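Quick caveat: nothing in here was measured; it's all calculated off a predicted structure. Below, all heavy atoms of this structure are taken into account, side chains as well, without hydrogens, waters or symmetry copies.
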Amino acid sequence: MLGIERKQIIINLLKQKNRVYVSELSKQFQVTDETIRRDLKEIEKRGIATRSHGGAVLNQQGEIKPFIERELINRKLKEAIADQLKTLIHDGMVLMVDASTTTKLALERINPRLNLTVITNSYSLINDLSDNDNIRFIATGGECYGRYRAYVGTDAISTIKHYNADLALLSCHSLSLEQGYMESNQLESDVKCTMRAQSTQTIMLADHTKFNRKSLVNSLPLTDVDVLVTDVKPDLSWLNYFKIKGLTLIYPQPAQDSEAEGMASTSSDESSSF
């Protein structure tokens, strides 16, 4: 049996059972455990599953769409989020930026005259914005995660730990009041957690379709992120939680609401803390 055929059967088994084990697969296909581990590593790179001890678990959302396709999904919502950042990113800042489509769009829409240093694991971001002479890029390097157009793994983590940033600009796969910020795979979660640890402040970008959902990997508690920026006003439970915890929640709102809900406003006073 060809390797590509074996991997497709493994993917089908994952979709049927949600979990597979190396020992069982090696017996089924009459190959070594190491061969199965290599198959699972390739399947993980495609975003279909996350490897665990002795096997792999199907990602909740199944196969991850290619980066170029995800850039078009909910684009208007991402633009609404990006436009809230104009007063939060200042000239001379050092930014840690993940490989999400939302953070990429945010950087594309900020003032091109700002002088910034951007440390990122996104080779798509570097490729598309490298013509801007005002942005100095530092690439993490590492293992290439093609579907995310991202660098991940121990080399990427090691590079991130070498630097300190003013601000981590991140996105997430989903979020809930109970589980916090979540990811579809551990590799991206590790990168984002490290970026947050190496930064003075952290901003999370998440459109309303990601709220009150769950993904495979618990990544960051809500209290580990200073500011959450979204595209519409969240429900009262979110507003109350952020107020009680002293966190900042930013979303577009009519001018007449800004005074009544200052804790969630995009006023210059609030934004000036960055």
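- Within a 6.0 Å sphere centred on CD of E5, heavy atoms belonging to other residues, nucleotides or ligands number more than 12.
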Evaluate the criterion side-chain hydrogen bond (donor to acceptor under 3.5 Å, both in side chains) for residue pair S26 and D33; output intermediate values, then yes/no.
CA-CA 6 Å; S26 62; D33 288 357; 2.9 Å; yes
Using side-chain hydrogen bond (donor to acceptor under 3.5 Å, both in side chains), reason through T140 and T159 one step at a time and then give a plain yes or no.
CA-CA 5 Å; T140 65; T159 300; 5.8 Å; no
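- Just one of T230, L88, L228 meets the side-chain contact (heavy atoms from CB on, under 4.5 Å) condition when paired with I250; it is L88.
- E24 places no side-chain N or O within 3.5 Å of a backbone atom of V20 that could act as its donor or acceptor partner.
- Looking only at atom types and distance, the side chain of S199 has no donor-acceptor partner in the side chain of T202 under 3.5 Å away.
- A continuous path of ILVMFWY side-chain contacts below 4.5 Å connects I36 to L13, so both sit in one hydrophobic cluster.
- Looking at R196 and D224, a side-chain N of the basic residue comes within less than 4.0 Å of a carboxylate O on the acidic one, giving a salt bridge.
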May I have the step-by-step check of side-chain hydrogen bond (donor to acceptor under 3.5 Å, both in side chains) for T101 and K78, ending in yes or no?
CA-CA 9 Å; T101 59; K78 295 172 185 177; 2.7 Å; yes
Test L247 against V227 for side-chain contact (heavy atoms from CB on, under 4.5 Å), laying out the working first.
CA-CA 6 Å; L247 305 173; V227 181; over 6 Å; no
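- Transitive grouping of hydrophobic side chains (ILVMFWY, heavy atoms separated by less than 4.5 Å) brings Y251 and L177 into a common cluster.
- Judged by distance alone, the side chain of T117 and the main-chain N or O of R136 form no donor-acceptor pair under 3.5 Å.
- In summary, K104 and E108 engage in a salt bridge, as defined by a charged side-chain N under 4.0 Å from a carboxylate O.
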Is there a side-chain hydrogen bond (donor to acceptor under 3.5 Å, both in side chains) between N218 and E183? Walk through the geometry before answering.
CA-CA 7 Å; N218 292 329; E183 290 300 323; over 6 Å; no
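- Linking Ile, Leu, Val, Met, Phe, Trp and Tyr residues whenever their side-chain heavy atoms come within less than 4.5 Å places Y163 and M195 in a single cluster.
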Check step by step if side-chain contact (heavy atoms from CB on, under 4.5 Å) holds for R19 and Y21.
CA-CA 7 Å; R19 179 185 292 272; Y21 296 95; 2.9 Å; yes
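- Side chains of N212 and S176: no donor on one and acceptor on the other come within 3.5 Å.
- Aromatic ring centroids of Y151 and Y123 lie under 6.0 Å apart.
- When the side chains of ILVMFWY residues are joined at heavy-atom separations under 4.5 Å, either directly or via intervening members, V31 and I43 end up in a single hydrophobic cluster.
- One N or O on the side chain of D231 and one on the backbone of H208 form a donor-acceptor pair closer than 3.5 Å.
- At least one side-chain heavy atom of R109 sits less than 4.5 Å from a side-chain heavy atom of D83.
- In terms of hydrophobic clustering, with Ile, Leu, Val, Met, Phe, Trp and Tyr side chains grouped at heavy-atom distances under 4.5 Å, V22 and M1 are assigned to a common cluster.
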I would like to know whether R37 and E34 meet side-chain contact (heavy atoms from CB on, under 4.5 Å); could you show each step before the answer?
CA-CA 5 Å; R37 291 192 185 97; E34 186 58 34; 3.9 Å; yes
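- In this structure a side-chain-to-backbone donor-acceptor pair under 3.5 Å is present from T120 to V97.
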Derivation of the side-chain contact (heavy atoms from CB on, under 4.5 Å) call for L14 and V57:
CA-CA 7 Å; L14 276 163; V57 179; 6.0 Å; no
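- Of the possible polar contacts, one joining the N121 side chain to the A99 backbone as a donor-acceptor pair under 3.5 Å is found.
- Side-chain atoms of D190 and Q186 form a donor-acceptor pair, as typed in the model, at a separation below 3.5 Å.
- S215 and S174 share a side-chain donor-acceptor pair at under 3.5 Å.
- A donor-acceptor pair under 3.5 Å links the side-chain atoms of S171 to the main chain of L205, judged by distance alone.
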